[in-house]
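One structure below.
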Amino acid sequence: MREAIIQVRNLSKVYPANDVSVRAVDNVTLDIYPGEMTAIVGRSGSGKTTFLNLISGLDQPTNGEIVFDGEPLHTMNEGQRLRLRQEKIGFVFQSFGLLPLLTASENVGVPLRMRQLGAKEREGRVTEALSWVGLLERAAHRPYELSGGEQQRVAIARAIAVRPQIVLADEPTGQLDSTTGRRVLDLMRRLVIEAKITVVVVTHDPQTMDEADVVHELRDGQLIDTRYKSAKRSAAPLN
């Protein structure tokens, strides 16, 4: 049996709010497996984005455990979590997150500069990533010169340029029309099939839910359902 790339056990995140604490994530236990597209779904306020922030090390849990590729993320200090994000995780956001004064190629190169890669290696990875998403000819264009779909493809190129084990995407089709969203979704499916990158998507987009191999549904911070695309996958009890 494959080992999960992310193991989440009894995970909770509680925020103080006046006299009442808000349990944004409430005792969630689940596994995320390599080579799959996993969707985290639920209504606004269900805890989806908080959950994504926790498994990426952007936020610290109140309780529970997160093991990322065999490493206990929940016990790491900020420096260790930063290094893990730089080396193993690519991020894609609903609002694209591109720097407006930089070209497409410069935006893709930002995380590579943060890793202090040499100029030649950076250039090679940027070219490779933009070619992979079909935008090499737009490398010199700035975000305002690109369509929404193109901007999101640049964001995907930026995520994969670091050669991550996993891409975490927060509503990647949320600002796109259905046709453009479908193209972006097809590109993310290619990440799984061709690039062998695990993808986790926070979404309420029905297209994305249909495409995902596994769908975990949250409600009021709690995991209420898990659905598998393939009948071959079994919902075995978690340890």
Side-chain angles (χ1 to χ4, degrees), residues 1-78 80-82 84-85 88-94 164-172 174 198-206 208-231 233-239:
M1 182 178 292
R2 292 175 304 159
E3 186 171 344
I5 188 171
I6 299 179
Q7 299 173 316
V8 174
R9 297 293 179 268
N10 307 118
L11 186 67
S12 294
K13 181 63 179 181
V14 181
Y15 293 103
N18 298 324
D19 295 330
V20 180
S21 295
V22 176
R23 300 186 71 85
V25 173
D26 189 1
N27 199 37
V28 170
T29 294
L30 59 82
D31 285 337
I32 294 171
Y33 286 90
E36 293 184 343
M37 179 185 289
T38 297
I40 309 296
V41 307
R43 295 181 179 179
S44 178
S46 62
K48 306 186 302 295
T49 297
T50 300
F51 180 81
L52 202 69
N53 290 340
L54 290 169
I55 65 172
S56 64
L58 288 171
D59 202 355
Q60 280 282 74
T62 304
N63 296 294
E65 299 180 353
I66 308 164
V67 178
F68 191 114
D69 193 29
E71 299 182 73
L73 182 61
H74 56 286
T75 64
M76 291 181 182
N77 60 39
E78 179 53 38
Q80 292 170 322
R81 296 197 304 272
L82 175 61
L84 181 141
R85 289 194 297 271
K88 296 187 177 183
I89 303 175
F91 293 91
V92 179
F93 304 101
Q94 178 178 351
Q165 289 180 272
I166 188 167
V167 166
L168 304 180
D170 192 354
E171 300 282 7
T198 304
V199 174
V200 178
V201 186
V202 162
T203 187
H204 61 268
D205 179 5
T208 306
M209 295 182 215
D210 290 341
E211 187 66 37
D213 299 298
V214 184
V215 177
H216 296 293
E217 184 175 356
L218 299 180
R219 181 185 299 165
D220 297 328
Q222 296 182 330
L223 178 65
I224 64 167
D225 190 29
T226 296
R227 303 186 292 276
Y228 299 94
K229 187 174 184 179
S230 171
R233 281 290 305 272
S234 61
L238 298 172
N239 295 326

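Hydrogens, waters and symmetry mates play no part in the numbers below; they use all other heavy atoms, side chains included. Note that the numbering runs from 1 along the sequence shown for the chain.
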Measuring only between side-chain heavy atoms, which start at C-beta, is Ile6 closer than 4.5 Å to Ile166? yes

Qualifying residue, where the test is side chain to side chain contact (heavy atoms under 4.5 Å, CB included) with Met76 and the options are Leu82, Leu84, Ile66: Leu84

List the residues meeting side-chain hydrogen bond (donor to acceptor under 3.5 Å, both in side chains) with Asp69, not counting sequence neighbours, and say none if there are none. Lys88, Gln165

Considering all heavy atoms, the nearest Gly35-Thr198 contact: N-OG1, 3.0 Å

Got a second to check how far Asp59's CG is from Leu52's CG, nearest 0.5 Å? 11.5 Å

Measure the shortest side-chain to side-chain distance between Ile32 and Val200 over non-hydrogen atoms and say whether it is less than 4.5 angstrom. yes

Salt bridge (charged side-chain N to carboxylate O under 4.0 Å, His left out) pairs, two or more places apart, involving residues 40-52: none

Atom of Ala212, atom of Ala39 and distance for their closest heavy-atom approach: CB-CB, 3.7 Å

Before giving the answer on side chain to side chain contact (heavy atoms under 4.5 Å, CB included), spell out for Arg23 and Gln222 the whole-Å C-alpha distance, their side-chain angles and the decisive distance to 0.1 Å. CA-CA 9 Å; Arg23 300 186 71 85; Gln222 296 182 330; over 6 Å; no

Asp220: partners by side-chain contact (heavy atoms from CB on, under 4.5 Å), with sequence neighbours left out: none

When you compare the side chain of Thr38 with that of Leu30, does any pair of heavy atoms fall below 4.5 Å? no

Not counting sequence neighbours, which residues clear side-chain hydrogen bond (donor to acceptor under 3.5 Å, both in side chains) with Thr203? List them please. none

Nearest heavy-atom approach of Val28 to Gly221 is CG2-O, 3.4 Å

State, with a plain yes or no, whether a side-chain heavy atom of Thr226 is found less than 4.5 Å away from one of Val214. yes

Would a 4.5 Å heavy-atom cut-off, applied to side chains only, mark Lys229 and Glu36 as touching? no

With Thr49 via side-chain hydrogen bond (donor to acceptor under 3.5 Å, both in side chains) - residues at least two apart: Asp170

Identify, with sequence neighbours excluded, every residue that meets side-chain contact (heavy atoms from CB on, under 4.5 Å) alongside Leu58. Asn53, Ser56, Arg85, Phe91

Partners meeting side-chain contact (heavy atoms from CB on, under 4.5 Å) with Ser21 (sequence neighbours left out): Val14

NZ/Lys13 to CG/Asp26 distance, rounded to the nearest 0.5 angstrom? 13.5 Å

Among all residues two or more places apart in sequence or in another chain, which pass the side-chain contact (heavy atoms from CB on, under 4.5 Å) test with Glu65? Arg9, His74

Salt bridge (Lys or Arg N to Asp or Glu O under 4.0 Å) with Asp205: which residues, sequence neighbours excluded? none

Supply the atom-to-atom distance Leu11 CG to Leu73 CG, rounded to the nearest 0.5 angstrom. 9.5 Å

Nearest 0.5 Å, please: how far is CG in Leu223 from CG in Leu218? 6.0 Å

Name all residues meeting the salt bridge (Lys or Arg N to Asp or Glu O under 4.0 Å) criterion together with Glu217; count only those two or more places apart in sequence or in a different chain, and write none if there are none. Arg227

Rounded at 0.5 Å granularity, tell me how far OH in Tyr33 sits from CD in Glu3. 9.0 Å

What's the separation between atom NE2 in His216 and atom CD1 in Ile224, rounded to the nearest 0.5 Å? 13.0 Å

Thr50: what forms a side-chain hydrogen bond (donor to acceptor under 3.5 Å, both in side chains) with it, not counting sequence neighbours? none

